Engineer: 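Just dropping this structure here.
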Number of protein chains: 2
Amino acid sequence: MSGMTMATEARPFSEPLDRLKRAGLRPTRQRLALARLLFSRGDRHVSAEQLHAEAKTARVVVSLATVYNTLNQFTRAGLLREVVVKAGRSYFDTNTSDHHHVLAVATGDLMDIPAGTLAVSGLPEVPDGLEVERVDVVVRLRPRA
Amino acid sequence: MSGMTMATEARPFSEPLDRLKRAGLRPTRQRLALARLLFSRGDRHVSAEQLHAEAKTARVVVSLATVYNTLNQFTRAGLLREVVVKAGRSYFDTNTSDHHHVLAVATGDLMDIPAGTLAVSGLPEVPDGLEVERVDVVVRLRPRA
DNA sequence: AGATAGATTAGATCCATTCTAAACTGTTGA
DNA sequence: TCAACAGTTTAGAATGGATCTAATCTATCT
Ligand SMILES: [Mn+2]
Ligand SMILES: [Mn+2]
Ligand SMILES: [Zn+2]
Ligand SMILES: [Zn+2]
């Protein structure tokens with residue numbers, strides 16, 4: 001196994017480790033386990049409580065405080081993006097590329113809109129000393145009347 | 001004064017009353033006072049705590065619970081719009097027309113972008129049984145690097 | 001292995017918001 | 001005009017997500 005060149009999907013255990021090292025974060029047992037839960041299932045939008053529950057189900061011993069610490073550290077390191085669409089709850093998005101969201105308000109479901117498909121034009125000019133960090137578009141859907 | 005036809009600006013005390021009646025809300029002392037604070041100063045984005053503090057300054061006796069109740073009732077009645085751009089705090093927008101926002105993340109300042117100046121194209125198709133409630137665009141500005 | 005900076009944790013604390021249930025008030029119609 | 005009632009207000013308690021504290025643990029370096 002040692003000298004082989006393999007696709008990322010075939011190295012599910014070393015990939016999270018590389019990810020943490022690249023971000024300058026110590027690869028602790030907790031961070032590795034959470035990275036695996038977060039990044040091995042495609043793009044996701046998870047809350048801290050959700051991730052904590054998933055960890056418990058996966059027999060990963062980790063406190064809720066560490067889940068919060070980790071999500072915030074991952075976000076600062078650019079591994080996650082925080083999404084605020086609902087009062088009183090933060091979602092963490094494993095898709096850090098430029099993209100937008102569709103929110104089904106009735107269910108709370110959040111889906112991605114790839115950046116390529118959607119365009120925003122006519123942005124106002126940016127005041128001196130400031131720059132655009134990002135432009136968030138949220139399409140809110142409700143049950144048809 | 002009785003038979004005169006005047007512009008809205010010249011009838012600052014009857015306008016909030018009409019607004020409540022049209023919305024089917026009893027014109028109580030508290031709701032009238034809050035409506036006056038909210039709607040007599042042009043477009044605003046206020047939090048419940050802010051409005052409660054303003055009421056106190058204006059010698060209006062009203063509990064924080066009533067401020068929350070009133071903001072939620074006004075929102076349900078279409079007199080206000082709830083804006084969520086920051087985790088853990090709701091803003092209420094007196095501008096209920098179709099428009100978007102610019103947020104200066106460093107200061108928390110929230111400004112309007114009139115609907116006419118900005119366009120979103122390439123929206124994804126809406127799943128069966130759902131309809132677009134609205135499309136929110138938030139331009140996040142940060143201090144230039 | 002020992003030293004140390006960094007990480008984890010239980011539990012406390014914070015804070016915006018909602019809830020409870022008792023007192024109060026705007027409205028209706030007798 | 002005024003009692004009756006539904007709707008409203010309120011203090012204070014409760015809730016729930018998120019953060020903080022400070023004691024314990026561990027990854028890393030020599
Ligand atoms: Mn945060
Ligand atoms: Mn609300
Ligand atoms: Zn996303
Ligand atoms: Zn606005």
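Keep in mind that this is a model prediction, so the values were computed, not measured. In what follows, chains are A, B, ... by sequence order, proteins preceding strands, each numbered from 1.
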Engineer: If we ignore angles and hydrogens, is there a donor and acceptor under 3.5 Å between the side chains of D136(B) and H101(B)?
Structural biologist: no
Engineer: Are H45(B) and D112(B) linked by a side-chain donor-acceptor pair shorter than 3.5 Å?
Structural biologist: yes
Engineer: When the distance from CG of N72(A) to P of dA7(C) is rounded to whole Å, what number comes out?
Structural biologist: 14 Å
Engineer: Base, backbone or nothing for each nucleotide of nucleotides 6-17 of chain D, written B, S, -, heavy atoms under 4.0 angstrom, 5' to 3'?
Structural biologist: BSSSBB-----S
Engineer: Can you check the L34(A) CG to dT9(C) C1' distance for me, whole Å?
Structural biologist: 14 Å
Engineer: Please say whether more than 12 non-hydrogen atoms of neighbouring residues, nucleotides or ligands are located less than 6.0 Å from CZ in R142(A).
Structural biologist: yes
Engineer: If only atom types and distance count, is the side chain of T70(A) paired as donor or acceptor with the main-chain N or O of R31(A) below 3.5 Å?
Structural biologist: no
Engineer: Going by atom types alone, do H99(B) and D43(B) pair a side-chain donor with an acceptor below 3.5 Å?
Structural biologist: no
